[in-house]
Amino acid sequence: MTNLSRRRLLSAASIAGAALAMPAWARGASLKAQHVRAGFDEAVGPEIDLRIAHGHHAVQGRSGHAVAVNGSVPGPLLRLREGQTVRLNVHNQLDEDSSIHWHGLLLPFHLDGVPGVSFPGIAPGGTFTAEFPVRQAGTYWWHSHSNLQEQIGCYGPIVVEPAGADPVEADRDYVLLLSEFTAVHPHTIMAKLKKGEAYFNRQLTTATDAYDLSAAERRMWAQMRMHPTDIADVSAPTYTYLANGHGPAEGLEYLFRKGERVRLRVINGSAMTFFNLRIPGLPMTVVAADGQDVRPVEVDELQIGVAETYDLLIEPGAASAYTIVAESMDRSGMAVATLTSSPGLRAEVPALRAPPLLTMADMGMNHGGGDGGGHGQMDHAAMGHGPMDHGAMDHEAMGHGAAAPAAMDHSPGAMRDLSRLPPTVQAGPGVDMVSMAPVDRTGDPGIGLADVGHRVLNYRQLVALRPNPDSRPPSRTLELHLTGNMERYMWAFDGKAFTAVSDQPIRFAWNERVRVKLVNDTMMAHPIHLHGHFFEVVNGHDGHQPLKHTVTVQPGGSATFDLTANEPGDWAFHCHLLYHMHAGMFQIVSVDFPEGEAA
């Protein structure tokens, strides 16, 4: 009896100790402290206070833990003006470290807001002040760079008004910030992805599915131990997709009067989701990308990668309302808003389209030519996508006939032919695929959009409105490989996760002009973001290449940018898929200071 009592006493003490060790949000204490509002207020400089705190967030009947700023998800819209000096005070009211990164803003590196790279982070109860001159206009955003807080609410939009005349004339100016809500804590999501990368994928092929795949194609995918539906790591129903913090059934509206021109500043502030944006019945004119003006290009749909921004001009027609549809790339769900001439009016919300399938081009087997239109170069009839150019690749070249060439061997060994990698890539367990023939895919509109039958934006259509500021040719080329092992959920640059290379940054000399080629050796699209700089996407428009801070590298392909390294200091460089970054696809770029200047 005594031993039993002792065991009960020790067990009770252990439970009590564990409860005390839990963070406040897990014990439920924070749920009483703050109910988080959906949507955002507007904060105007020159001095702005931002308070990061735990809260409880509910979307369409689902609720969960949030990290909110100034009591809302998303946090406030920061409206700044080019040329002003702004003072941003970030108060951390959490019981853990936090941070805010000013995504796309040019500023001194020690104010960039990345713990372990440019500053130590903001301790619980602490305040960090970033004071700097605003050097550009455009559409940007901010988000936490700590502890996966970005996933659960610590993000918000930035609009910087130009110092002079705005080249974009519009009667109304709106922000559309796309993101996700999940009731699952991000650390739980990460743990489940590490245990099984397909845990959240409800679109896997089965013996009874309706995917248009032949038996031969199914055997081919099985032989390669890959999934043709591996489009997104996390998707609906784990995620509810948000428009300015509102779920698709919560009725976000943008008002207009007939005859007006509407500017829509679209920000992908999600953690893991590529969105396909369209407004059925209305074309959209792209006038800026990542905050930088481009020559107007009219499209019917565009894919926006995580962390990208696009400014659109829309001229509503005769209808009284239009639906703004942001469909997740895997087509498992959508964010919805309404462009309406009167409150409460609605247009039809289209049904989700059939999920897309990966193609051989997404494995780097694009043998139809290197024009970047990856999906369009494949025999889509062989892949179950309908008739396309049968001369690009026939069934035998697809591996369905006995005469399939060795180059098209679909065995796991062939897909991991390490001899194709340069010596700079660490060929270990973190590399489970090597792109067979990676070509530049900047002309590709994105997974699932090559055959939709209407105009879809691609990077090659983007032309800078003004001449590029640096006309020098690059003095050298740096090639970096995006690598991964999807089954083990390992992601890295050159096969080296960040923890292994934190003391080996990518170094650039002051004002050096470098061409950076990104080769994607995985079957997932990666939005790659460089802090502190804009680079020129190499897309054939010499002298007017579009300036961006984030570029999506399509599966099995490549993308190239020219960089002028004129922002000194240490900067983060990473995949903006949150859990890929957290798993190791992260690096530090170190730019030398000008001679005579100290760090």
Side-chain angles (χ1 to χ4, degrees), residues 33-55 57 66-94 96-115 118-147 149-150 152-163 166 173-177 179 244-245 263 265-267 269 290-291 307 309 311 531-532 549 572:
Q34 181 179 170
H35 180 78
V36 173
R37 294 177 288 111
F40 48 79
D41 299 321
E42 185 172 308
V44 181
E47 184 160 8
I48 296 172
D49 287 282
L50 300 172
R51 291 178 172 81
I52 307 172
H54 291 300
H57 190 33
V67 171
V69 177
N70 292 10
S72 68
V73 172
L77 162 64
L78 309 185
R79 189 170 293 277
L80 311 177
R81 180 165 292 277
E82 182 183 15
Q84 78 172 143
T85 295
V86 66
R87 182 181 176 90
L88 303 171
N89 304 310
V90 184
H91 309 282
N92 181 12
Q93 298 175 349
L94 304 176
E96 63 187 36
D97 285 3
S98 192
S99 60
I100 287 183
H101 161 57
W102 320 102
H103 187 110
L105 293 189
L106 299 172
L107 75 178
F109 80 100
H110 62 282
L111 303 179
D112 190 49
V114 183
S118 56
F119 86 133
I122 311 171
T127 296
F128 180 79
T129 297
E131 185 171 5
F132 55 92
V134 180
R135 295 164 49 188
Q136 82 249 44
T139 303
Y140 308 98
W141 64 299
W142 56 264
H143 59 84
S144 172
H145 238 286
S146 300
N147 209 23
Q149 294 162 2
E150 176 187 343
I152 47 177
C154 196
Y155 57 88
I158 300 174
V159 172
V160 184
E161 305 289 353
D166 194 326
D173 194 315
Y174 293 122
V175 170
L176 172 58
L177 175 53
S179 61
N244 292 358
R263 180 178 190 161
R265 301 173 183 263
V266 185
I267 303 167
D290 287 356
T309 75
D311 287 26
H531 288 223
H549 52 56

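What's counted below: heavy atoms across the whole structure, side chains too, no hydrogens, waters or symmetry copies. Quick caveat: nothing in here was measured; it's all calculated off a predicted structure.
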Distance, nearest 0.5 Å, that separates [atom1] of [X] from [atom2] of [Y]:
{"X": "Leu78", "Y": "Glu42", "atom1": "CG", "atom2": "CD", "value": "9.5 Å"}
{"X": "Asn147", "Y": "Leu94", "atom1": "CG", "atom2": "CG", "value": "9.0 Å"}
{"X": "Gln136", "Y": "Glu82", "atom1": "CD", "atom2": "CD", "value": "8.0 Å"}
{"X": "Thr309", "Y": "His549", "atom1": "OG1", "atom2": "NE2", "value": "5.0 Å"}
{"X": "Asp49", "Y": "Thr127", "atom1": "CG", "atom2": "OG1", "value": "8.5 Å"}
{"X": "Ile122", "Y": "Ile100", "atom1": "CD1", "atom2": "CD1", "value": "6.5 Å"}

request  = Identify which one of Asp311, Ile267, Val175 satisfies the side chain to side chain contact (heavy atoms under 4.5 Å, CB included) criterion when paired with Val159.
outcome  =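 Only one option passes, and that is Val175.
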
Provide the closest heavy-atom pair for [X] versus [Y] in the form atom of the first, atom of the second, distance.
{"X": "Val73", "Y": "Ala66", "result": "CG2-CB, 4.4 Å"}
{"X": "Phe109", "Y": "Ser118", "result": "O-CB, 2.9 Å"}
{"X": "Asp97", "Y": "Ser146", "result": "O-CB, 4.0 Å"}
{"X": "Ala130", "Y": "Leu111", "result": "CA-CD2, 4.1 Å"}

Are any side-chain N or O atoms of [X] and backbone N or O atoms of [Y], one a donor and one an acceptor, separated by less than 3.5 Å?
{"X": "Ser99", "Y": "His145", "value": "yes"}
{"X": "Glu131", "Y": "Glu47", "value": "no"}
{"X": "Arg37", "Y": "Asn70", "value": "yes"}
{"X": "Asn92", "Y": "Gly126", "value": "no"}
{"X": "Asn244", "Y": "Gly39", "value": "no"}
{"X": "Arg87", "Y": "Ile48", "value": "no"}
{"X": "Tyr140", "Y": "Ala137", "value": "yes"}

Are any of the side-chain heavy atoms of [X] and [Y] separated by less than 4.5 Å?
{"X": "Trp142", "Y": "Leu88", "result": "no"}
{"X": "Val69", "Y": "Phe40", "result": "no"}
{"X": "Val67", "Y": "His54", "result": "yes"}
{"X": "Gln149", "Y": "Ser98", "result": "yes"}
{"X": "Val86", "Y": "Pro46", "result": "no"}

ask   = Parallel, tilted or perpendicular: which describes the rings of His143 and His101, with under 30° parallel and over 60° perpendicular?
value =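 Perpendicular.
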
task = Take the angle between the ring planes of Trp141 and Tyr155 and call it parallel below 30°, perpendicular above 60°, tilted in between.
result =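 The rings of Trp141 and Tyr155 stand perpendicular, inter-plane angle above 60°.
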
request  = Kindly determine whether Asp166 and Arg263 satisfy side-chain contact (heavy atoms from CB on, under 4.5 Å), including the steps that lead there.
outcome  = CA-CA 12 Å; Asp166 194 326; Arg263 180 178 190 161; 3.0 Å; yes

